[in-house]
Amino acid sequence: MNIFGSSRSPINGWNSKKSKFLHRRFSLPVFALLFGSFFLLYLFSSYSSFMPSTAFSTSNSRQCSSRILDLGERFLFYAPHSGFSNQLSEFKNAILMAGILNRTLVVPPILDHHAVALGSCPKFRVTDPGEIRFSVWEHMLELLRNGRYVSMADIVDISSLASYSSIKAIDFRTFAYLWCGVDLESVCSNEYNLKQCGRLLAGLDGNVDKCLHAVDEDCRTTVWTYKNGQVDGALDVFQPNEQLKKKKNVSYVRRRRDVYRALGPDSKAELAAVLSFGSLFTAPYKGSELYIDIHEVSGDQRISSLIKSIEYLPFVPEILSAGKEYIDKIIKAPFLCAQLRLLDGQFKNHWNATFLALEQKLDLILQDGNEPVHVFVMTDLPESNWTGSYLRHLARDSNHFKLFLLKEHDELVQRASKKVMVVGHGLRSTSSAFGPSRIHDMKNKCTSERLPDILLYIEETVCSCASLGFLGTAGSTIAESIELMRKYGLYYSKSGFKFTSIWVWWIVPTLIITSVFKVAFGYISHLP
């Protein structure tokens, strides 16, 4: 007989109950966790099926979008930087490169002044091409996301290039839509992460056959030429000196290379749908050029003509008309333009020299007895900071001088800005090969939410027409741009703007009058 009256002990019974309790206690959370995990996985897979298909998913990040390849077009992308004048110079070089290589140019937006910097080519200290391309890509998307996107073709008139059948262009917004393989809203709102297609375009992960060729030769190693009769690959005259080699451990060798031979037919680059440059900035330096030395071309009339055409690209009509209106309705008299760059970089240390040059110029004009002298002032120094400067002296001397300034919020500037935004020359510049309906959709969905800042361009237009002369700040690229406009004879008359040569309306009459006087005096001297 069992003295406990049962075959199971109390301890075994307790252990059995404890086991069942623990089983129920831990199985419920585990079950909930597993259920939640499967549910989230289901949601993710369902969401992914509705996401726009992009050629740049993690598993497929090294292939071109079929949209790009199916077009059969070959594009040229580059990375502009620094201020507007530098960006315009690079834009002209990009047009030239696209013309030589027979590629469709991706027209960029105007970048913020200090958004992207190159560095110093003379010091061989520049940002690597891949890095600067990716920085530019990120900033372009930022401009779209913030509603501040303004295409270079919205400001600069490139309609004259239509006569060149080989010169085609595509707006960056349209290109990004094709390149990334996403919908229009995604491009313009940056709704999805577009870093991956930016990395591919920048060439950070290398080149991709038939898709991308990233040009990694920059001003430290290469000077691009074209049909100049020189030996391809010859050493350039400008090389790092011995001091720079030792001090900065610089080992670069600069060679002059024909861009058509290196990146044109029979090259690996020719097969790529997109040729991606870094900076295209160049400037004369020590008997050479920093990066691009293509000025005269032998045996290619088309490119020779293109070089002349892009030397001066005017602003769009809406900006030129605003400049004319300001001269006609506000200044209403002959005037001097003073372009005074006083705050940025090296210029803040040269106030005395800048103001002295202006004072001497005004003294010469005052000698003619035309008072008050009308002066249009174009400066980065806010009027509230004029105290103690020569500008404050001029503003107070109303008997001798009458100053004129344009401001961003002036009604004339705002009205012109609205016109520029409504017309949208940038998207209009896109090649018709991409379809008018697609361009129309892009314009509707990618229109900037803010008025473009066009004050600088109207100011340059006004200065280009200053009949009493122009005084620019030494070393300023803005001054150089205005001088170029004046060289090409954009001047103001009561009948409006005229495009003519200074030679025609000033030099020729002067020579004729001089010749008449010489003949007359010669005749008189021979009289008995």
Side-chain angles (χ1 to χ4, degrees), residues 83-85 87-89 91-92 95 107 109-110 150-163 169 308-339 374 376-378 404-429 448 451-470 472 477-502 504-506:
F84 172 75
S85 297
Q87 292 179 49
L88 178 57
S89 173
F91 182 57
K92 294 176 182 179
I95 294 173
V107 179
I110 297 173
V150 181
S151 171
M152 179 63 77
D154 286 329
I155 303 301
V156 177
D157 188 356
I158 61 173
S159 60
S160 61
L161 301 179
S163 59
K308 294 178 181 178
S309 297
I310 62 176
E311 182 180 1
Y312 170 63
L313 294 175
F315 292 125
V316 293
E318 294 76 21
I319 292 174
L320 296 180
S321 296
K324 173 190 179 304
E325 181 180 348
Y326 185 79
I327 295 170
D328 193 26
K329 295 183 179 180
I330 306 298
I331 300 180
K332 297 185 291 187
F335 67 98
L336 170 77
C337 171
Q339 182 264 333
H374 290 56
F376 177 73
V377 178
M378 177 183 179
F404 297 86
L405 295 97
L406 263 171
K407 298 180 181 179
E408 182 181 352
H409 298 293
D410 287 352
E411 190 273 336
L412 180 145
V413 177
Q414 293 289 297
R415 182 159 32 89
S417 185
K418 290 178 182 177
K419 290 180 180 179
V420 168
M421 185 175 69
V422 169
V423 174
H425 291 284
L427 284 171
R428 287 186 175 188
S429 68
S448 176
L451 291 178
D453 182 4
I454 62 171
L455 175 61
L456 171 65
Y457 321 127
I458 299 178
E459 287 179 323
E460 289 191 13
T461 301
V462 172
C463 284
S464 70
C465 306
S467 52
L468 293 182
F470 169 68
T477 53
I478 295 175
E480 293 173 2
S481 296
I482 295 171
E483 291 285 10
L484 183 63
M485 295 173 73
R486 294 176 68 83
K487 171 186 173 182
Y488 273 82
L490 174 61
Y491 75 96
Y492 172 75
S493 70
K494 283 296 181 181
S495 60
F497 278 94
K498 295 183 179 180
F499 293 86
T500 185
S501 170
I502 296 176
V504 174
W505 68 273
W506 175 249

For this session: Keeping the roles fixed (side chain from Arg486, backbone from Cys463), state whether a donor-acceptor pair exists under 3.5 Å.
Result: yes
For this session: Measure the shortest side-chain to side-chain distance between Val462 and Phe335 over non-hydrogen atoms and say whether it is less than 4.5 angstrom.
Result: yes
Seminar exercise, completed: Separation between CD (Glu460) and CG (Leu455), nearest 0.5 Å, reads 10.0 Å
For this session: Indicate yes or no for a side-chain donor-acceptor contact from Gln339 to the backbone of Val377 under 3.5 Å, with no hydrogens or angles considered.
Result: no
Problem set entry | Worked check of side chain to side chain contact (heavy atoms under 4.5 Å, CB included) between Ile95 and Leu313 | CA-CA 11 Å; Ile95 294 173; Leu313 294 175; 4.1 Å; yes
Problem set entry | Nearest-0.5 Å distance that lies between atom CD in Gln87 and atom CD1 in Ile110 | 7.0 Å
Problem set entry | Rounded distance [0.5 Å steps], NE2 in His425 versus CD1 in Ile155 | 9.0 Å
For this session: Measure the CZ-OG1 distance between Phe84 and Thr477 for me, rounded to the nearest 0.5 Å.
Result: 10.0 Å
For this session: Apply side chain to side chain contact (heavy atoms under 4.5 Å, CB included) to the pair Phe376 and Leu406, showing each step before the final yes or no.
Result: CA-CA 9 Å; Phe376 177 73; Leu406 263 171; 4.2 Å; yes
Problem set entry | Distance-minimising heavy-atom pair for Leu412 and Tyr326 | CD1-N, 3.8 Å
Seminar exercise, completed: The reported gap from CG in Leu320 to OG in Ser464 (rounded to nearest 0.5 angstrom) is 8.0 Å
Exercise. At their closest point, which heavy atom of Ser417 faces which heavy atom of Ile454, and how far apart are they?
Worked result: N-CD1, 3.4 Å
Problem set entry | Shortest non-hydrogen separation from Ser481 to Ser85 and the atoms involved | OG-OG, 3.5 Å
For this session: List the steps, then state whether side chain to side chain contact (heavy atoms under 4.5 Å, CB included) holds for Val422 with Glu318.
Result: CA-CA 11 Å; Val422 169; Glu318 294 76 21; over 6 Å; no
Exercise. How far apart are the C-alpha atoms of Asp453 and Val150, what are their side-chain angles, what is the distance that settles it, and do they pass the side chain to side chain contact (heavy atoms under 4.5 Å, CB included) test?
Worked result: CA-CA 9 Å; Asp453 182 4; Val150 181; over 6 Å; no
For this session: Check whether any side-chain heavy atom of Glu459 sits under 4.5 Å from a side-chain heavy atom of Ile478, and report yes or no.
Result: no
Problem set entry | Minimum heavy-atom distance Ile158-Ala153, with the two atoms named | CD1-CB, 4.1 Å
Problem set entry | Side-chain touch His409/Val413, heavy atoms, less than 4.5 angstrom | no
For this session: Give a yes or no on whether the backbone of Pro314 and the side-chain of Asp157 come within a donor-acceptor separation of less than 3.5 Å.
Result: no
For this session: Kindly indicate whether the side chain of Val316, heavy atoms from C-beta on, has any atom under 4.5 Å from the side chain of Val423.
Result: no
Problem set entry | Heavy-atom pair with the smallest gap, counting every atom of Gly469 and Leu336 | O-CD1, 3.2 Å
Problem set entry | Under 3.5 Å: donor-acceptor pair, side chain of Asp410, backbone of Lys407 | yes
Exercise. When the ring planes of His374 and Phe404 are compared, do they come out parallel, tilted or perpendicular, using 30° and 60° as the limits?
Worked result: parallel
For this session: Fit a plane to each ring of Tyr488 and Tyr312, take the angle between them on a 0 to 90° scale, and name the class: parallel (under 30°), tilted (30 to 60°) or perpendicular (over 60°).
Result: parallel
Problem set entry | Ala416 to Ile458 - nearest heavy-atom pair and separation | CB-CD1, 4.2 Å
For this session: Could you tell me whether the side chain of Asp154 reaches within less than 4.5 Å of the side chain of Met421, counting heavy atoms only?
Result: no
For this session: Supply the atom-to-atom distance Met485 CE to Thr461 OG1, rounded to the nearest 0.5 angstrom.
Result: 4.0 Å
